[in-house]
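Everything on this sheet refers to the single structure shown next.
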Amino acid sequence: MMKTLLPFLVLPFLCGSCFVSRDRVNEPLPAAVVTELEPGVATADDVLDALGAPADVVQLGRRSAWLYLFNQTKSAAFSVLVVTLVNTDTRSDRVWVFFDEAGLLTHVGGSFEGATAAYTMPWDAAE
Amino acid sequence: MAWALASCVSVTWERHTRNEPLSEQALSGIRVDDSDLAEVLAACGAPLRVWELPAGEMAVAYGWYRERQLGAQVSVPLFDRFSGSVSFDDFDTDLVGVVMGFDADRRLRSLRRGFLRELVAEPARRRASLVDDGERSVSQSERRSSGSSGPGSTAAR
């Protein structure tokens with residue numbers, strides 16, 4: 001009797017499921033290109049040529065700032081019987097370029113973390 | 001029994017992270033009334049948000065979160081068509097960060113830390129972009145309402 005039931009008792013433990021997924025918004029930003037943009041020299045047209053159309057434009061009086069953005073989310077989940085583990089990690093490449101009234105680049109700020117998003121379990125991500 | 005247990009009891013452990021927190025080392029070199037926008041960008045990188053404040057001032061926000069959720073749910077069939085359930089959640093989530101205010105000369109005038117939802121007073125609706133038509137600057141909405149269809153460029157161009 002026990003031998004007959006054993007496979008059915010073990011089956012739920014073998015039926016654990018898992019998935020990983022990756023969600024990306026836009027393309028990774030080229031850090032090397034961004035570092036070549038020189039405040040006081042580059043113009044809005046230069047930035048357009050180098051990076052293309054921005055994801056966002058913010059008006060700052062008669063000045064403006066443009067945002068370039070790449071987002072990457074990596075998710076991993078594991079489920080067995082009554083326990084479900086889920087982890088998501090979202091990182092982004094962001095570049096803000098600031099222009100004066102004449103369209104001359106005044107400031108550039110960049111963060112390039114998009115590639116560091118990772119598939120992990122909840123305990124791995126704990127700090 | 002395992003099947004029955006799985007159908008009425010569930011335990012979830014979730015963790016969600018977004019962006020790296022600003023390091024204390026990066027923030028330690030920033031001084032209100034002394035540092036400027038270039039120094040802030042060099043130390044902290046690109047902010048999450050930038051927005052306009054009155055009198056030519058502006059603000060930037062850096063934000064991140066570490067969300068942790070441990071939950072359990074129990075569901076017990078009571079009758080043919082009804083079931084009762086009880087759940088418990090330990091929920092710890094919020095976007096935290098730093099908001100910095102700059103004057104018109106892009107000198108840092110304020111630095112506040114905390115939950116961004118409490119710090120950010122960004123206008124719900126942005127004003128229209130300026131369009132330079134040579135003689136005077138008009139907003140895009142004014143231009144549309146006046147029926148003008150000539151080419152224009154943003155103030156940044």
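By convention in this document, chain letters (A, B, ...) are assigned in the order of the sequence lines, proteins followed by strands, and residues within each chain are numbered from 1. Bear in mind the structure is a predicted one, so any value in this text is a computation, not a measurement.
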With no hydrogens and no angle check, is any side-chain donor or acceptor of D93(A) less than 3.5 Å from a backbone partner on G114(A)?
-> yes
Side chain, backbone, both or neither: which part of V108(A) has a heavy atom under 4.5 Å from chain B?
-> backbone
Inspect the contact between E113(A) and R94(A) and indicate whether a charged nitrogen and a carboxylate oxygen are less than 4.0 angstrom apart.
-> no
Taking every heavy-atom pair that is under 4.5 Å apart, which of T73(A), V83(A), T90(A) has the most such pairs with chain B?
-> T90(A)
Measuring heavy-atom distances to chain A, does A104(B) have an atom under 4.5 Å in its side chain, in its backbone, in both, or in neither?
-> both
Heavy-atom distances under 4.5 Å only: say whether P47(B) touches chain A with side chain, backbone, both or neither.
-> both
Distance under 6.0 Å and angle within 45° of ring axis: R106(B) vs F102(B) = no
Pair F98(A) and W66(A), ring centroids less than 6.0 Å apart = no
